[in-house]
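The next block holds one structure in the form of structure tokens; read it before the comments.
The structure presented is a predicted model; accordingly, all values stated were derived computationally and were not measured. Letters A, B, ... mirror the listed sequences (proteins, then strands); counts begin at 1.
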Amino acid sequence: QEEALIFELDNPGAIGVDLDEPVTAATRLGGLSPRAGVGLPSLAEPDVVRHYTRLSQKNFAIDTTLYPLGSCTMKHNPRLNEKVARLPGFSDIHPMQPVETVQGALELIDQLAHWLKTLTGMPAVAMSPGAGAHGELCGLMAIHAALEARGESRRRRVLVPESAHGTNPATAAFCGFTVDTIPTEDNGRVSVEAVKAKLGDDVACIMLTNPNTCGLFEPQIREIADAVHAAGGYFYCDGANYNAIVGRVRPADLGVDAMHINLHKTFSTPHGGGGPGSGPVVLSDALAPFAPLPFVVHGKDGFTLVEHARDAGEARPFGRLKGFHGQMGMFVRALAYMLSHGADGLRQVSSDAVLNANYVLASLKDVMSASFEGPCMHEALFDDRFLKGTGVTPLDFAKAMIDEGYHPMTMYFPLVVHGALLIEPTETESKRTLDLFIGTMRHLAAKARAGDQTHFQASPRLTPRKRLDETQAARKPVLRWTRPAA
Amino acid sequence: QEEALIFELDNPGAIGVDLDEPVTAATRLGGLSPRAGVGLPSLAEPDVVRHYTRLSQKNFAIDTTLYPLGSCTMKHNPRLNEKVARLPGFSDIHPMQPVETVQGALELIDQLAHWLKTLTGMPAVAMSPGAGAHGELCGLMAIHAALEARGESRRRRVLVPESAHGTNPATAAFCGFTVDTIPTEDNGRVSVEAVKAKLGDDVACIMLTNPNTCGLFEPQIREIADAVHAAGGYFYCDGANYNAIVGRVRPADLGVDAMHINLHKTFSTPHGGGGPGSGPVVLSDALAPFAPLPFVVHGKDGFTLVEHARDAGEARPFGRLKGFHGQMGMFVRALAYMLSHGADGLRQVSSDAVLNANYVLASLKDVMSASFEGPCMHEALFDDRFLKGTGVTPLDFAKAMIDEGYHPMTMYFPLVVHGALLIEPTETESKRTLDLFIGTMRHLAAKARAGDQTHFQASPRLTPRKRLDETQAARKPVLRWTRPAA
Amino acid sequence: MRYLPLTDADRAAMLSTIGVDSVDALFRDVPDHARLPGKIAGLPDHKGELEVERHLSRLAARNVAASTVPFFVGAGAYKHHVPASVDQILLRGEFLTSYTPYQPEVTQGTLQYLFEFQTQVAVLTGMDVANASMYDGATGTAEAVLMAARVNKRNKVILSGGLHPHYREVVETTCGVMGMDIRAQAPDWKNAEELSALLDAETSAVVVQTPSLFGHLRDFTALCEAAHAKGVMVIVVVTEVVSLGLLPSPGSMGADIVVCEGQSIGNGLNFGGPYVGLFATRDKFVRQMPGRLCGQTVDADGKRGFVLTLSTREQHIRREKATSNICTNSGLCALAFTIHLSLLGEQGLVQLARINHANAVMLADKLSAVKGVSVVNDGFFNEFTVKLPRKAAKVVSKLAARNILAGVPVSRLHPDVEGLDDLLLVAVTEISSVEDMDALARGLEEVL
Amino acid sequence: MRYLPLTDADRAAMLSTIGVDSVDALFRDVPDHARLPGKIAGLPDHKGELEVERHLSRLAARNVAASTVPFFVGAGAYKHHVPASVDQILLRGEFLTSYTPYQPEVTQGTLQYLFEFQTQVAVLTGMDVANASMYDGATGTAEAVLMAARVNKRNKVILSGGLHPHYREVVETTCGVMGMDIRAQAPDWKNAEELSALLDAETSAVVVQTPSLFGHLRDFTALCEAAHAKGVMVIVVVTEVVSLGLLPSPGSMGADIVVCEGQSIGNGLNFGGPYVGLFATRDKFVRQMPGRLCGQTVDADGKRGFVLTLSTREQHIRREKATSNICTNSGLCALAFTIHLSLLGEQGLVQLARINHANAVMLADKLSAVKGVSVVNDGFFNEFTVKLPRKAAKVVSKLAARNILAGVPVSRLHPDVEGLDDLLLVAVTEISSVEDMDALARGLEEVL
């Protein structure tokens, strides 16, 4: 059965809520006339519930299948976290309530900050960024502010490796910096020499992802950090892949000045089809004074919230990034996850994530082309050399995985290898699941080699929709439903 | 992807809970040796969540599609009801807590009882039966007790129409009565003459479903009640179809002595794949004194719970039916449903249920054979005459509906028509949904008439499983997983 | 009204299709005197979510939730921690709003978990097979007694004095009406009962409970042997299934039928319901079992699948000759049981049982140290009986006023038996902290 | 550990397949000095569900939940009733645990609701198109200012004194770093501001808010006309979207970009996040929009389907030339918005808005009757400003101690501006009963 759009299910007169009559008919609209009508569809609750239930069934999700989307970290989302995030004491409190009525909430933020600082070894953390990219913005603004405070606003150049996430250059540009690309070495790493070649007194910072987007730990990271620091720049670390090292390596020990942490990756708050995320940024001593407003401090009368620069003491906050205090709902979930795992469990998390990725790598490298030698970190990078001459593209290969019941891996990223296929199983997949997945991948690779091109090109077959025409979508964008002419 | 049994997913060493060490190693087992092992499978939480999520996806449900299972009343289950049933003040209280700590719970039971009594016009209600069939047991035991109290334990015969639910004769037999079947008239009704012909001083009661299982209101119900009463018997009404008349007709006005109410039908507590149900029984003055223990009374110190005959005052409870006080979780949901609808809404519920059924009947009677003339109540009964000569059985027809995205209607029940197809849309289906359903049914009926027998016999095609071999299942029953020989 | 999709325009169009001019016309078979002209008097009109939720929240707030106080109430229902994932899966519409799996092709989800449930119950009880659930432990026990009578065609049943009195009452009520001869023994608070001597050729079954109402433990192996020698069926009742992680299974002792209250695993206290009855027996008795059974089979392609089976035992086929009148059972509660038990797994269940027992051992020691209080039991699992120097009901009331829910006075369960007024059943599970236990001991000291 | 499926046996087998003898060997690229030999010090070990839940419940219990007290706090976040079905659908794993819909064949569920969301937002704001959400209203406003600058290549932006100060700060922070010239006007608590006069050929955009921070209502039609005549974009901010059920849409007044905080529909207060930013504009500006867009297309069989589109604007394709760096947005909050708005529908939203306004009218009358208190506003929706005879912050504190959350003192938002200390923002929604309103009025009388 097809599922119509909610607007097409409109049945004027039906309603999905029962509301009382207003207590008075009087209005005080300051001279404005009430709106004549809105244009929304009308449905009763049963039809709304069924509509969205049926829509949900058209999705793959981590709850239903392996979802090895490299760099996106689709790990199990514990249900306890959803339960505690819904405690009225967290979900039903207003950001502008008097602080004496939200002491538990402020303490929770403080506890989460303590975990993040202790795990990373960093002295400070900015909690308000709304997602990873927002955290990058926070980090670069802190760097911007620190440079201004040093009277070095001439430093406008930001070094970004070519393997970086698109958010890195976009963020740098968003902050008014110019982006200078560092080439990636043949081994998928950034070399300290390549960085040194770019350094100069106009360099604000380097933005480096570690482990990098090829799923590799940057072995020269400390040397790079030292070189950047020596040149007067800062080291921004993209923490999207922090899940590979949490509990085993502290970013502070690598010379990091700022790093965002995607709570929805490393600490398992749900992705929810594209958010909400949460991207706290840990900061070094050099950058800590510039952390944005608001922030929580603990005083003699309990916790307080510093919302204005005038109350910030010696700190020099660079401003405000978000409407209120950050993604509280995600904080609760992340803290529940951390408490559940503990220091011992979090170390096991990264160990198992790396083990699972290497198991996939080792089990597939004879039939798929691994892009780099040696072990990987939390994700295994392949490229399309194994498909050469088969007429099967990475996209075709990915679509064929769908019919086998798996969500495809990340494709065509990172850009530094041709036809990238980036597999991140995460630590929450069992060996049994991986063995089944490996079996399927080997089967598909063999099928491709055997010349069954049409199988791949006609995939997926078993989904509610076959391949969608993205070109048409972009050429004449239809971005909303409009009522058909009568 | 196939879904293995949870036992087949066993991974010894994995665990889905984290538990502390016991506070002491000391044991006091009174000489028993601790069990050596149990034999359960071991899995981590992610695998358990995925397993049951995936299993769920193999089900049709009212949340996903029209589920016109006649007599089973698959109506929308409001989510508010699930929310309030989970309030700790209801879900986290123990049946044996001191009554002063559960006053709100007792008041809720009292309020629900008030609604049930007012809606039915009956003076009393027994709340503890666990489901409809259990309610029947309650009713017949009350009748049994009343007869004993009258010194008429010779009355052992129970009259049951041939159209009755199987639970009716089963219940009568369970209580030690003998069952005497009343034939159904050609018009699908029970006639007062047929009843009178069976009456005698050995008749304990009649068990009559109204509206009956053909979806018809028994027009002579009052005369039948009077005749049974005149003969010294009681009138047990099977209330499974009470949803057809709630708010419009009070069973008390029909002469009913006892009637169970399936909260999971009329008052929309979820069926849950086969329970839990809840089957309170309303009772006439004649039967009220015999209602089972425990029950709630309101005294000067608030609500109390009568748990023993010695505290029952003048009442003469026939005993106890259930471990504790009844299906509290269902009571909360049912009361939420009643409060949401109110007296006005409940009347609309039955009106719309009957309207929807008649709309289906009117829209299909030219292509499917309606079993009886005239309007129906909440469900439309067809039989297999329209399939005559097509080679398509009602079962085939039903399986073909599955591929069209619909759950089949009830088949081969009631027994009084040949190849029955009993369609109950309920009041929570929209006209749009019914129109689509009617269109599909007309299409299938035409297909059958057109001789496309193989289409039906090969249905369903789109389900995770094709037709299942029920004969094999029954011949050599395999009722549990056993570990395969190594 | 939010749950009713028809609009007035829809209704008019549909009446027109039907060919009548009002819904009233469809109710033509209702006798005139019974037709209400308008809504039923004396009840309020419809309300929005906010109002309904507030009304019910106010009622809920007038109860003391177990998790908010030191809590030691048991006697057949136990407060355990249920993982959050259990309830969130239960809320999935595909489980919650599905019906009995009559159409197996579109209910394999329900059928497979029932098959898993049956297997878990069989494994846990040490029996061959189990059914797809009963309403609760008490009704399951009555069904077991009736089943035993079907098997051996005898009419007398002996109920242990360790059996929960509610179970006894349900058996008396349900089987009494069938004319069975029920011999309930006196409350066996001293664990001194000897049932073997009562068995004879008329005896259909003997019903025992472990742990008993008073928390006592017994090895029933000898009883089973004696019973079997006389053709008597042994029905073993377990009201606290977590105990099966630590205690020998009833199956290993020779039970013929095992009935458990399954609430402890996966299900909340819910003021007594809905709960889930577990019902297991030997292969040879399977066709005399009550209730639904899910069986394995194959589909038209030869793939493994599941169906409801042996329904010729059931009321909808066999009508007055059915093994039981049960129809709707406890599907969703069985699912909760199955998910929770899957999360626990082998190691988790054993560990959970050990924690429960260890807490009980610790609490027994703490309470024994209170002046005038003695623990009656030699052995126990997570519940035991204490003897107080005054009426237990009064003590419980006084402690409740101090927000300590201390347990169940035996007098509430056996009001008609002399000499039990000073006995209190105290249950302790993994939810009780050492502080909770200390609070109870201190509270007892204060009120005694 | 319950979330980690690998057993030690698995780990050993996998290491063997990989050909290394320990996981440490896989971390060979980590510099020696940075390799921690064991778990990080200073943090506790893993805990079970029960303990974690108790720990967090204790923290939660130290906050005053809105639904437990008379509650009048607004200023950009509003307490509304959200139907229970919204959250239960959100909890469905297929929505909750899915990712950004990069593979449209297996994410049509997410894509279709995003398309519905975009349509709802466009309809509600009276605009042509909307994106698939922003983090919140404040960040959306900053993005709107940057977008306007991309459209007309100008650098100056004027912020109304009615704009929420947090929004102003986010614009200043975010756009300031880009070197934009930001002219924030003084707090306009008297609704006397005239912005048309400030517009010139250098002005990229003017940002206004309705209802304003102080609750004032304005018709921006003339401002839009004046702005358009000078090539200036008008950005209209709405922090309370329920108002759009009663007030004229920004689109109908001529807005070029509309940004709303969408929290009020479908989303709880959550102490400030996650919320959902709504972002709508005219068709002609669509290629300058930030954020994700879902578009309609067809599949290989010609069936309608949905995909993410125009991604050439986005960072993962366009990198430093992207329209924004936004990646993850507020998918699940957008879904909550869409479901709740679908339940409300045309009639429900209008009714809800009317109830909110009527409650505010009633409350304004009640507060005006308190000695020394005056309502500043002429018109308002569900929030207005009252002038008190003493410092509002003190009054709020005193009332909080009496368990009444009275509103937001303007001084908390504008601490650096003189003369606002006696102003209090008071918001009222459908959740406030007449008793709650009376409690506030009485409370004010008592503390003043």
* Structure fact -> Okay, B/L19 and chain D: the region with an atom under 4.5 Å from a heavy atom over there is neither
* Residues from residues 1-24 of chain D approaching chain B under 4.5 Å (heavy atoms) -> D/M1, D/R2, D/Y3, D/L4, D/P5, D/T7, D/D10
* To do: Only pairs at least two apart or in different chains count here, so list each salt bridge (charged side-chain N to carboxylate O under 4.0 Å, His left out) that has a residue in residues 50-65 of chain D.
  => A/K83-D/E53, A/E107-D/R62
* Are there residues of residues 77-85 of chain D that reach to under 4.5 Å of chain B by heavy atoms, and which ones? -> D/A84, D/S85
* To do: Name the region of B/D20, side chain, backbone, both or neither, that has any atom closer than 4.5 Å to a heavy atom of chain D.
  => side chain
* To do: With sequence neighbours excluded, tell me which residues meet salt bridge (charged side-chain N to carboxylate O under 4.0 Å, His left out) with D/E430.
  => none
* Asked: Which value, rounded to the nearest 0.5 Å, describes the distance between D/L343 atom CG and B/R79 atom CZ?
  -> 11.5 Å
* Asked: So which part of B/P78 gets closer than 4.5 Å to some heavy atom of chain D, the side chain, the backbone, both or neither?
  -> neither
* **Interface moiety of B/D47 toward chain D, non-hydrogen atoms closer than 4.5 Å** => side chain
